[in-house]
Amino acid sequence: MLQLIPMGAKRKEAEALAIPVCEDQAIHINKAVAAAAEQAKKLSEFKGKKGDFVVLYDLKDLKAKRTLFCGVGKMEDLEPETFRAMAGRAVKEGIKMGISELLLAVPDPKDVVVNRLPLLEAMAEGACLANHLFDSYKKEKKLKILKKIRFMVNPNGTKEQRGLLRRVETVCRGTLLARDWVSMPPNDKRPEQFSKLIAAEARKASLKVSVLDETRLKQRKMEALLAVAAGSRSKPRLVVLEYGSRYAKKTVAFVGKGVTFDSGGINLKPSGSLEDMKSDMSGAAAVAAAMIAIAGLKPKIRVIGAIPIVENMPSGSATRPGDIVKSFEGKTIEIGNTDAEGRLILVDAMSYIIKRYKPRALIDLATLTGACIIALGEKIAGVFSPDDGLAGAIVASGIKTHERCWRLPLPEDYKSLLKSEFADIKNISETRWGGAITAALFMAEFVRDTRWAHIDIAGPAYIKKENEYCSAGGTGFGVRLLCDLLEEL
Ligand code: BES
Ligand code: ZN
Ligand code: ZN
């Protein structure tokens, strides 16, 4: 779907050409493109400011029916995210126009020397991610995604550039798959169904798939995980995806929280908080989709993806506050609150993966706490790790991919907040303050000396209002992050 074409190539007229326009400098080498950008800037409503947008028709030196000018602001402020947003905007406008192909003019990197930006990569990501609609639940499909997006590069596309586009497409397809799963209504992705959806996609990607059902989970004594599922008529699953050979130099593992609907259980959530709880499986979606993307990227390591899937519901068979369960690791847990369920399914999945695969690094992704959204807002994920190197690598990948992460502490003296009178540990803190931290500290008690990081994605996993390259609903946050991170683990 993504293609390169050389600048100035003889071609038939394009339906639309999008040109990024810088406010204070010329960034295009191609004369016709540069001249068109200058012409557009003569309009009073278009100055090339970030977010400026105008369409002109049948410009004489350009072989395009429509030319979309997208302002990117001043040269010194340019960053990759500007170009993701610009390309995403152009694709979304193209979809609204009802066209099927879009051409994007990529500025010559030599012209954007000040910031040395990976422009083609950023534009390809923005374009690919914006070219998506979640309309399978609509009777009338009013819009259609673009069939082809082409990037005009100067002078000729290189082999590296073609490889780059393929990589971007593989990874972004993963993001789109995760978005679809997150946006899917909870009546269609109950644990038995969701585990089948994941298994089917994973098999297509040639991953090794194993699914532990309720009987197996009981045999393996994963009581913490089972306790969360107890109130639902849909039975729990633990899906394990494997990529690469057991003889590979290193094994890394990802674990994703898969609560297909979080009602809170007996500690039922109030109305306003129930609305978007179909998204409580965003960690699972990101891990599964990242594994599928990784199968396409073919790195020379072994990667394990573990996905515990449950539905958290109140009923006569539901777990009660006050219940005590024994985790897979052996510690007993007093359930102080049935709405703090994510940490329960995660610790059993993580202990199982640690015991079975002994990974060199383990990272979990989870929509774990409202407290993390209070701390960092809706666009930034919280990172917790006792390992400075691992936390640093995650933050760095977050900057590169713009899936932003900020490290929060794991203070030793907060551990006492999780004390239980009756069991080894309690699943909630005695205070509501610092809830994202105490949730992470709870999990830290189960991983012991494994190199581990926890990423709380409760904020960025889901958006109510569309942005430049994502519609309202699941964002697929984490897929690009994990794919990028893989090289650093
Ligand atoms: N799934 C929620 C966290 C969440 C909240 C995700 C808002 C996305 C948006 C989680 O299971 C939960 O309910 N956490 C509780 C923990 C508390 C009971 C200790 C919370 O954050 O209030
Ligand atoms: Zn909950
Ligand atoms: Zn939850």
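Order of listing sets the numbers, starting from 1, for every ligand and every atom in it.
- Taking all heavy atoms of Asp262, Asn337, Thr369 into account, the minimum distance to atom 18 (C) of ligand 1 is reached by Asn337.
- Against a heavy-atom cut-off of under 4.0 Å, Ala458 is close to the following atoms of ligand 1: 6 (C), 8 (C).
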Stepwise, does the side chain to side chain donor-acceptor pair (under 3.5 Å) test hold for Asp280 with Thr367?
CA-CA 6 Å; Asp280 211 20; Thr367 46; 2.4 Å; yes

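- The name of the N, O or S atom in Asp280 nearest to the Zn ion (ligand 3) is OD2.
- No cation-pi contact links Arg220 to Tyr352, judged by a cut-off of 6.0 Å to the six-membered ring centre and 45° from its axis.
- Using a 4.0 angstrom heavy-atom cutoff, Lys257 counts as in contact with ligand 1.
- The neighbour count for Arg173 CZ, taken as heavy atoms of other residues, nucleotides or ligands under 6.0 Å away, does not exceed 12.
- Using cut-offs of 30° and 60° for the angle between ring planes, the Phe442 and Phe446 rings count as tilted.
- At a cut-off of 3.5 Å, with distance as the only test, no side-chain donor of Asn131 or Tyr469 sits close to an acceptor on the other residue.
- For the pair Asp280 and ligand 1, the shortest N or O to N or O distance falls below 3.5 Å.
- Nearest protein heavy-atom neighbour of atom 12 (C) of ligand 1: Asp339 O, 3.2 Å.
- Ring geometry for Phe194 versus Trp181: interplanar angle over 60°, hence perpendicular rather than tilted (30 to 60°).
- Within a 4.0 Å radius of atom 22 (O) of ligand 1, the protein contributes no non-hydrogen atoms.
- Of all protein heavy atoms, the one lying nearest to atom 20 (C) of ligand 1 is Gly370 N, 3.9 Å.
- In this structure the side chain of Phe134 never reaches within 4.5 angstrom of the side chain of Arg179, judged on heavy atoms.
- Distances from atom 3 (C) of ligand 1 to the heavy atoms of Leu368, Asn427, Ile374 show the closest one on Leu368.
- Contact of the Leu274 side chain with the Phe261 side chain is registered, since non-hydrogen atoms from C-beta on lie closer than 4.5 Å.
- Among the atoms of Asp339, no N, O or S atom falls under 2.8 Å of the Zn ion (ligand 3).
- Look at Ile373 and you'll find a heavy atom under 4.0 Å from some atom of ligand 1.
- Side chain to side chain, Asp456 and Thr369 meet the donor-acceptor criterion of an N or O pair below 3.5 Å.
- Of all protein heavy atoms, the one closest to atom 16 (C) of ligand 1 is Arg343 NH2, 3.9 Å.
- Summary of contacts: the protein heavy atom closest to atom 19 (C) of ligand 1 is Ile428 CG2, 3.6 Å.
- Going from atom OG of Ser206 over to atom NZ of Lys298 covers 7.5 Å, rounded to the nearest 0.5 Å.
- Considering Glu341, Met277, Arg432 only, the shortest heavy-atom separation from atom 4 (C) of ligand 1 involves Met277.
- Angle NZ(Lys257) to the Zn ion (ligand 3) to OD2(Asp262), rounded to 10°: 170°.
- The N, O or S atom of Glu341 with the smallest distance to the Zn ion (ligand 3) is OE2.
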